[in-house]
A.B. asks: 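Take a look at the following structure, please.
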Amino acid sequence: MGNNEARLGQMEIIKLEGGSLSININRTEKEILNELTGDLLMKLGTENPQTLVPRLFPEAILDEPDLDSEYKAMTAHQLEDSHRKAIKALNLLTSGNEITLDDFLLVIRGLNIIRLELGEKLDIDDEWHSPPAVDDRQYRLWIVFQYLGQMLFQCVEGLEGDF
């Protein structure tokens, strides 16, 4: 996205007959999600993704490093697979196909995972983080981080309102 950048729009979630959903996002949003999904799947495919995306592998047993290491060794593969599945579900957003409610829940998890990873890149530890300057190379990521937050809010609001 440069000076002639396309705008991020508002995702449209439509409940269809039979309980499935249709989710519409614009071309720019699809491109951004495809880029972020690809990058994160590459990181998760490395030998030790826990070092590349630590927010996705938080400390489970506080103040007990040995027990925490043991726990992570037992669960790391399962957690990586779970993250991969949720991130791949974001392809459902970019495909324009009807999805089930279960798939929609995976999409929500995928959006949250990508947002956590962006928060790590931006060193954001709370919602009141002030934005970088417009000419800062991190500004685009900050805008995407904010928009993913809006998408998550809209998804959860839709679930609560039963569409």
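The basis for the numbers below is simple: all heavy atoms, side chains too, and nothing from hydrogens, waters or symmetry mates. Heads up: numbering here begins at 1 and tracks the sequence.
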A.B. asks: Please round to the nearest 0.5 Å and tell me the distance separating atom CD1 of Ile87 and atom CG of Leu40.
C.D. replies: 3.5 Å

A.B. asks: Test Val53 against Glu120 for side-chain contact (heavy atoms from CB on, under 4.5 Å), laying out the working first.
C.D. replies: CA-CA 7 Å; Val53 281; Glu120 179 76 25; over 6 Å; no

A.B. asks: Which heavy atom in Lys72 sits nearest to a heavy atom in Phe57, and how many Å separate them?
C.D. replies: NZ-O, 3.4 Å

A.B. asks: Just how far is it from atom CD1 of Ile61 to atom CG of Leu67, taken to the nearest 0.5 Å?
C.D. replies: 5.0 Å

A.B. asks: Taking side-chain hydrogen bond (donor to acceptor under 3.5 Å, both in side chains) as the test, write out the residues that go with Glu70, two or more places apart.
C.D. replies: none

A.B. asks: Please name the pair of heavy atoms, one in Ser22 and one in Asn24, separated by the smallest distance, quoted to 0.1 Å.
C.D. replies: OG-OD1, 3.8 Å

A.B. asks: Which pair of heavy atoms, one from Phe104 and one from Ile13, lies closest together, and at what distance?
C.D. replies: CZ-CD1, 3.9 Å

A.B. asks: Is there a path of hydrophobic side-chain contacts, each under 4.5 Å between heavy atoms, that joins Ile113 and Leu52?
C.D. replies: no

A.B. asks: Please name the pair of heavy atoms, one in Asp63 and one in Glu59, separated by the smallest distance, quoted to 0.1 Å.
C.D. replies: N-OE2, 3.5 Å

A.B. asks: Compare all side-chain heavy atoms of Leu159 with those of Leu101 and state whether any distance is below 4.5 angstrom.
C.D. replies: yes

A.B. asks: What distance do Ile124 atom CD1 and Leu118 atom CG have between them, rounded to the nearest 0.5 Å?
C.D. replies: 8.5 Å

A.B. asks: Can you find a pair of side-chain heavy atoms, one from Leu33 and one from Leu148, that are under 4.5 Å apart?
C.D. replies: yes

A.B. asks: For the NE2 atom of His83 and the NZ atom of Lys88, what is their distance to the nearest 0.5 Å?
C.D. replies: 14.0 Å

A.B. asks: Just so I know, are the side chains of Val107 and Leu111 near enough to count as touching, which here means a heavy-atom distance under 4.5 Å?
C.D. replies: yes

A.B. asks: Could you report the tightest heavy-atom contact between Tyr147 and Met11, atom names first, then the distance?
C.D. replies: OH-N, 3.5 Å

A.B. asks: So, for Leu152 and Ile108, which heavy atoms are closest and what is the spacing to 0.1 Å?
C.D. replies: CD2-O, 3.4 Å

A.B. asks: Within the side chain of Glu160, is there an N or O that forms a donor-acceptor pair under 3.5 Å with the backbone of Glu157?
C.D. replies: no

A.B. asks: Please set out all donor-acceptor pairs under 3.5 angstrom arising from side-chain atoms of residues 42-50, sequence neighbours excluded.
C.D. replies:
{"residue": "Lys43", "atom": "NZ", "partner": "Glu117", "partner atom": "OE2", "Å": "2.5"}
{"residue": "Thr46", "atom": "OG1", "partner": "Lys43", "partner atom": "O", "Å": "2.7"}

A.B. asks: Does Val144 belong to the same Ile/Leu/Val/Met/Phe/Trp/Tyr cluster as Val134, with side-chain heavy atoms less than 4.5 Å apart forming each link?
C.D. replies: yes

A.B. asks: Taking side-chain hydrogen bond (donor to acceptor under 3.5 Å, both in side chains) as the test, write out the residues that go with Glu98, two or more places apart.
C.D. replies: Ser20

A.B. asks: Measuring from atom CD1 of Ile14 to atom CG of Leu21, what distance do you get when rounded to the nearest 0.5 angstrom?
C.D. replies: 9.5 Å

A.B. asks: Name all residues meeting the side-chain hydrogen bond (donor to acceptor under 3.5 Å, both in side chains) criterion together with Asp81; count only those two or more places apart in sequence or in a different chain, and write none if there are none.
C.D. replies: His77, Arg84

A.B. asks: Donor-acceptor pair, Arg109 side chain versus Ala89 backbone, under 3.5 Å?
C.D. replies: no

A.B. asks: For the atom pair CZ (Phe145) and CG (Leu122), what is the distance rounded to the nearest 0.5 Å?
C.D. replies: 7.0 Å

A.B. asks: Go through the structure and list residues passing side-chain hydrogen bond (donor to acceptor under 3.5 Å, both in side chains) with Ser69, not counting sequence neighbours.
C.D. replies: none

A.B. asks: For residues Leu106 and Leu90: do they belong to one hydrophobic cluster (side chain heavy atoms under 4.5 Å, members Ile, Leu, Val, Met, Phe, Trp, Tyr)?
C.D. replies: no

A.B. asks: Any non-hydrogen side-chain atom of Ile32 less than 4.5 Å from a side-chain atom of Arg140?
C.D. replies: yes

A.B. asks: Tell me every residue that passes side-chain contact (heavy atoms from CB on, under 4.5 Å) with Asn34, counting only those two or more places apart in sequence or in another chain.
C.D. replies: Asn91, Thr94

